[in-house]
4 protein chains.
Amino acid sequence: MSTPSRADAVRNRQLALDAATALLAEPDTALTVEVIARKAGLGAGTVVRAFGGKDALLDAAVAGLLRPVVARGRELAASNEPVRALRTFLGELMAFQAAHHAAGDNLRGLAAPETTALRAELVTAVEIMIDAGRRAGQVRGDLPIDVLTTIIGESAYAVARSGSGPERIDVFLTVLLDGLRPST
Amino acid sequence: MSTPSRADAVRNRQLALDAATALLAEPDTALTVEVIARKAGLGAGTVVRAFGGKDALLDAAVAGLLRPVVARGRELAASNEPVRALRTFLGELMAFQAAHHAAGDNLRGLAAPETTALRAELVTAVEIMIDAGRRAGQVRGDLPIDVLTTIIGESAYAVARSGSGPERIDVFLTVLLDGLRPST
Amino acid sequence: MSTPSRADAVRNRQLALDAATALLAEPDTALTVEVIARKAGLGAGTVVRAFGGKDALLDAAVAGLLRPVVARGRELAASNEPVRALRTFLGELMAFQAAHHAAGDNLRGLAAPETTALRAELVTAVEIMIDAGRRAGQVRGDLPIDVLTTIIGESAYAVARSGSGPERIDVFLTVLLDGLRPST
Amino acid sequence: MSTPSRADAVRNRQLALDAATALLAEPDTALTVEVIARKAGLGAGTVVRAFGGKDALLDAAVAGLLRPVVARGRELAASNEPVRALRTFLGELMAFQAAHHAAGDNLRGLAAPETTALRAELVTAVEIMIDAGRRAGQVRGDLPIDVLTTIIGESAYAVARSGSGPERIDVFLTVLLDGLRPST
DNA sequence: AATGAATGAGGGTTCATTCAT
DNA sequence: GATGAATGAACCCTCATTCAT
């Protein structure tokens, strides 16, 4: 029968994904297929085969990390306190980046369609919040919105690089959001 | 005389450096010794020998890019219009990063003493400007200065990632500097 | 079961070891990883991976050659005809060296813990035989024992260099053992 | 004129030779052309050109070391106290080997015609001494002479390997020469 | 379907030799 | 003729992928 083995395949996919995800948080680990496989308790071949290549595995792992953040972004985009929502969202995004700050680096030079798509959704969520903030008169309207979202998105990455803790993230957010306020 | 052949050595060192520097601006190129050597029109051995290793070559290339920026930073740190100086400096720093946005990534995991030293000088220059800005009442005093400098430094990196052009840099600076103003 | 593929690994490890061992007997061969791999019918990566480096492979190869000799030495050290035992042992040791006379040279400058340990055991065995020979009045007592063992050990190496056949070994042993007899 | 530059060539040949010779006594030095050149105060090209290749340079260096030893051998071969002469000669040979025990190893795999020829002469000298010793009844006659000379020649190398000092050499000689005495 | 050993291209580096200066 | 920088083949090793078991 093929059903039970299919179940195994699903389980192994998840094991590989979990291992890769865990390793993304360890900045000084090599992140080779063999290391991932060992952490997953699988063979190297299984790990590659489960995703069709290392690129796809890492894409899936980073996407898996990003997905709940994006979901949260969609949720917060519906808030009627857009600036507060933006701060909350960016705080969570940055905390995620800080916790897995090897994620971005390990994706370098790889095809990562899932992650790319999620990043776009993330930008959309930010866009909605900014737009709502503008309509509420809480966010400055003198700058092009697409540039603002890009800046905000990339800034999250910046914090990740410095291995920043919560207090640093908070300072950054204070500066960023004060800068986004309408100029008096 | 011992100068003549040395002249060639200097020229080729520069060729290798130029090639590496040029490649730092191409984010999707592999940046192997052989690629650098081919671009420089030299043999692979020559490139390694000229700098004593790939690490040292990349360090030198990035440092070469960073050096004039840092020099400019020292100059601007003496300005008596600190906020304007800060904006000018950050604009130049970010333009540099944007032009060579593979620089930081390619240095990952390498020993890069020159670049590290320059980065420290860069932070010092920013610190001076912020401090002067505070004394002039133009920069907020409610946040720890070392966190501000880190944030600012990392932000420059953020812009680099997005391959941003001048207008994007300008928007970022506007937001950042407005956020750094004393809260009313 | 996990044994089946492991069986191949063991077989190939042995293939690499055999190839290296065979090449140790060819004084004018380069003994690079690739040469060993080709002789073993394996890829270069496999050979390195199987032992964790060229050093370890050569150490293992030489140790593999030395091990039975040392075992025989321990056996003969228990003999109650110490001089006869010494001659037998040295004969076998030299025959081994003669058969693989590139062994020592190829280990030069390498970390070879196994081989080093075996050499020490070898010296100990000789020491025991000489000591027994002295107590039996068959070996001269006028010379320091540690010097004798060194000399004997190194002599075996000497014979190896000349690619000597059995009759040469025999002559050397006659001279050496006559020289070790108590002076009348 | 070509005469003065010829003089320079001769001088540089000697400088290269001296440098190589000196380095042969340092077992843990790399002995690359560049190292030799630096020690000689010459350029790498000059060192290679002076001898037509690294092999020839090392051959010449080792031969230069061996030559006086061989000369001394010829001298001592004329002695009418052959056994005493043999001991003296072997002592000097071994002291030479001990002082330059990197010599042999660095010649490995190289064409070294000069050194090879000298080694043959050295063997001849030993042969003469042994033959004279036999006629004087001081050296055993029951063993083939060519084997004895080989053994003796190779033994000198053995001592070199162990980095032996004078006392070790002396012990070795005592054993060896006692072994060469006619069996009673 | 999973395994994990084998593969082999590609990485940085070394070094005897060559050749423009 | 001397120089020493450039060369490029060869070295050992790593690792994503493949494939016999």
Side-chain angles (χ1 to χ4, degrees), chain A residues 2 4-9 12 30-38 42-50 52-55 57, chain B residues 1-13 15-16 30-37 40-50 52-55 57, chain C residues 1-13 15-16 30-37 40-50 52-55 57, chain D residues 2 4-9 12 30-38 42-50 52-55 57:
Chain A
S2 62
S5 38
R6 175 81 154 260
D8 258 36
N12 286 345
L31 211 65
T32 66
V33 169
E34 186 145 359
V35 168
I36 297 170
R38 182 151 46 241
L42 299 172
T46 308
V47 168
V48 170
R49 161 178 271 264
K54 193 198 186 189
D55 294 19
L57 167 56
Chain B
M1 273 146 252
S2 59
T3 350
S5 50
R6 181 89 151 258
D8 256 42
V10 168
R11 190 184 58 92
N12 286 347
R13 227 187 104 101
L15 248 50
L31 213 66
T32 68
V33 167
E34 196 151 334
V35 168
I36 297 170
L42 301 172
T46 307
V47 170
V48 171
R49 164 180 265 262
K54 191 200 186 190
D55 294 19
L57 167 56
Chain C
M1 272 149 250
S2 60
T3 349
S5 50
R6 181 89 153 255
D8 254 43
V10 168
R11 190 185 58 93
N12 286 347
R13 228 187 104 101
L15 245 51
L31 214 64
T32 68
V33 168
E34 197 152 333
V35 168
I36 296 170
L42 301 173
T46 307
V47 169
V48 171
R49 162 179 267 262
K54 192 200 186 189
D55 294 20
L57 167 57
Chain D
S2 63
S5 39
R6 176 81 152 261
D8 256 37
N12 287 344
L31 211 67
T32 66
V33 169
E34 187 145 358
V35 168
I36 297 170
R38 184 153 41 242
L42 300 172
T46 310
V47 168
V48 170
R49 161 178 271 263
K54 193 196 184 190
D55 295 20
L57 166 56

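Here is how names work: the chains are called A, B, and so on, in the same order as the sequence lines, proteins then strands, and each is numbered from 1.
Distance CZ (B:Arg13) to P (F:dA6): 11 Å, rounded to an integer number of Å. Distance B:Leu42 CG to F:dA6 C1': 8 Å, rounded to the nearest Å. Note: CG (C:Asn12) to C1' (F:dT21) measures 13 Å, nearest angstrom. Residue D:Ile36 contributes atom CD1, which lies 12 Å from atom C1' of E:dC15 at whole-angstrom precision. Per the geometry, CG belonging to B:Leu57 stands 14 Å off C1' belonging to E:dT13, to the nearest Å.
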- Message: Does the protein touch nucleotides 11-17 of chain F at the base, only the backbone, or not at all? Give it as B, S and - per nucleotide, heavy atoms under 4.0 Å.
- Response: SSSBSSB
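For C:Val35, the side chain to side chain contact (heavy atoms under 4.5 Å, CB included) test picks out C:Leu23, C:Thr29, C:Thr32, with sequence neighbours left out. Remark: C:Arg49 engages A:Glu34 in a side-chain hydrogen bond (donor to acceptor under 3.5 Å, both in side chains) (not counting sequence neighbours). Every side chain to side chain contact (heavy atoms under 4.5 Å, CB included) that B:Arg13 has, sequence neighbours left out, goes to B:Ala50, B:Phe51.
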Can you give each donor-acceptor pair under 3.5 Å made by side-chain atoms of residues 41-48 of chain C, sequence neighbours left out, with the distance rounded to 0.1 Å?
none

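With pairs defined as Watson-Crick or G-U wobble and both atom distances under 3.5 Å, the stems of at least three pairs that touch DNA chain F come out as E:2-21 with F:2-21.
Nearest nucleotide to the side chain of B:Asp8, out of E:dT21, F:dA2, E:dA5: E:dT21.
Taking 4.5 Å as the limit, some side-chain heavy atom of B:Arg11 sits within range of a side-chain heavy atom of B:Asp8.
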